[in-house]
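Ligands are counted one by one from 1 in listed order, and the atoms in each one are counted from 1 as well. The basis for the numbers below is simple: all heavy atoms, side chains too, and nothing from hydrogens, waters or symmetry mates.
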Amino acid sequence: MSDEIILHQYELSPFSEKVRVVMGIKGLSWRAVEQPIIMPKPDLVCLTGGYRKIPVLQIGADIYCDSQMIIRELDRRFPETPLPDGDLPGGTGLGYPLGFWTDREVFQAAVAIVFGGVGDQVDDSFKKDREAMMGRPFDTDQMKQAVPLMIEQMRAHMSMVETQLSDGRLFIGGDKPGIADASAYYNIWFIRMTNPAGGAVFDSFTHLPAWEARVKDIGWGTHAKMTPDEAIAVAKAGTSKTKEQADPGEPNGLKPGMAVQVMADDYGRDPIAGTLVMSSATEIAIRRQDERLGEVVVHFPRAGFWVLPG
Ligand SMILES: N[C@@H](CCC(=O)N[C@@H](CS)C(=O)NCC(=O)O)C(=O)O
């Protein structure tokens, strides 16, 4: 079954939770491959070419990095359950810009609340790994001091969601759940799972807790485990379905066949080298070879990623 949806993830990963909720909204059936929470991740980077963050989606020999790219691809492949705020025809498209708010601003507040609360239980290998990924010290004492400030920030951000919900609507965009709900929910979930005391800030709202319970009830669709070796065998047996496509609006003259490097613009900025297959305003896909699995095509979003000469 080479078209199976395979999500490389780990249980406590907040960005995986965002994608799992989208799987639930779309009623999808998928396989979960557990990956390590720190480097090395040999069974992940052989697929991605160096991208180390979680989650990563795999369908056959096509590999999709970053939750923005993953959600867009799931919506494209399964249009019968379109996301109301996705970018398929009829969608508002607002789920993606809203994701930048939750994935950057709100996530950084959540990280401080989580690790400021439970930082004493975090071992040195985790701290060293995150320092290397972020390019700055992982200072749990500083995070502990910042918790009151970050709780204030969290309350301020979540009050914006509360305002949306205050007319009695079920979900952020109306009657149906979408990317906005998965995005606004996963930081709350992360705090409640790892530092339950930090969750008190959410309980002070009138509408937010009932909305949170509704999003939780959506579930994750249907999923079963898969081993990393099985996933690698799927990539090896598969052939990418991505077609070459030039973008006439490409601002810097990128064309299929060019050698490029793609990297995240925030943290975990390891460059991934390959040959351009297709590009558009929202996506770039590059072909690369790996000795363990042969040829794969790796897809990244354009917003939040840089493309440099290879
Ligand atoms: N922009 C990325 C962010 C992904 C991210 O930061 N993921 C976290 C885990 S939830 C991560 O990879 N942390 C480092 C690691 O797990 O190695 C996305 O939307 O997928």
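- Listed by atom number, the atoms of ligand 1 under 4.0 Å from P55 heavy atoms are 20 (O).
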Report task. For side chain to side chain contact (heavy atoms under 4.5 Å, CB included), just list the numbers for H299 and E73, CA-CA rounded to whole Å, side-chain angles, deciding distance to a tenth of an Å, and then say yes or no. Result -> CA-CA 10 Å; H299 305 246; E73 183 62 17; 5.6 Å; no
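- Atoms of ligand 1 found under 4.0 Å from any heavy atom of P14, numbered from 1 in the order shown, are 10 (S).
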Query raised in the report: Step by step, would you call D266 with K53 a salt bridge (Lys or Arg N to Asp or Glu O under 4.0 Å)?
Result: CA-CA 12 Å; D266 48 3; K53 291 194 241 177; 3.2 Å; yes
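- Under the side chain to side chain donor-acceptor pair (under 3.5 Å) test applied with Q9, the options R20, E17, Q35 reduce to a single match, R20.
- Ring pair F115/F138 is perpendicular by interplanar angle, where above 60° counts as perpendicular and below 30° as parallel.
- Remark: ligand 1 and S67 share an N or O pair separated by less than 3.5 Å (distance only, no angle test).
- A salt bridge is defined here as a Lys NZ or Arg NE, NH1 or NH2 lying under 4.0 Å from an Asp or Glu carboxylate O, and K225 with E34 meets this definition.
- Contacts between M133 and ligand 1, counted as non-hydrogen atom pairs separated by less than 4.0 Å, involve the side chain only.
- Below 4.0 Å from some heavy atom of S13 lie the following atoms of ligand 1, by number and element: 9 (C), 10 (S).
- S125 and D123 share a donor-acceptor pair across their side chains, judged by distance under 3.5 Å alone.
- Figure legend: R169 and W211 shown without cation-pi pairing, the cationic atom not lying both under 6.0 angstrom from the six-membered ring centre and within 45 degrees of its axis.
- Distance from atom 5 (C) of ligand 1 to its nearest protein heavy atom, with residue and atom name: F15 CD1, 3.4 Å.
- The ligand atoms of ligand 1 that sit less than 4.0 angstrom from a heavy atom of I37 are 15 (C), 16 (O), 17 (O).
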Requested in this report: Assess whether ring pair (Phe, Tyr, Trp, His ring centres under 6.0 Å) is satisfied between F300 and Y64, documenting all intermediate values.
Outcome: CA-CA 6 Å; F300 301 91; Y64 301 88; 10.0 Å; no
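- For ligand 1, one of its N or O atoms has an N or O atom of K41 under 3.5 Å away.
- Near Y267, the atoms of ligand 1 lying under 4.0 angstrom from a non-hydrogen atom of the residue are 3 (C), 5 (C), 6 (O).
- Annotation: atom 9 (C) of ligand 1 to nearest protein heavy atom, Y10 OH, 3.4 Å.
- Below 3.5 Å of separation, one finds no N or O of D129 facing any N or O of ligand 1.
- Taking any N or O of D66, backbone or side chain, at least one lies under 3.5 Å from an N or O belonging to ligand 1.
- For the pair R130 and ligand 1, a heavy-atom separation below 4.0 Å is found.
- Using a 3.5 Å distance cut-off with no hydrogens or angles, the side chains of Y186 and D181 do not pair a donor with an acceptor.
- For K53, no nitrogen or oxygen atom sits less than 3.5 Å from a nitrogen or oxygen atom of ligand 1, counting backbone and side chain alike.
- For the salt bridge (Lys or Arg N to Asp or Glu O under 4.0 Å) with R52, the lone residue among D270, D66, D129, D43 that qualifies is D129.
- Atom 4 (C) of ligand 1 has its closest protein heavy atom at I54 O, 3.4 Å.
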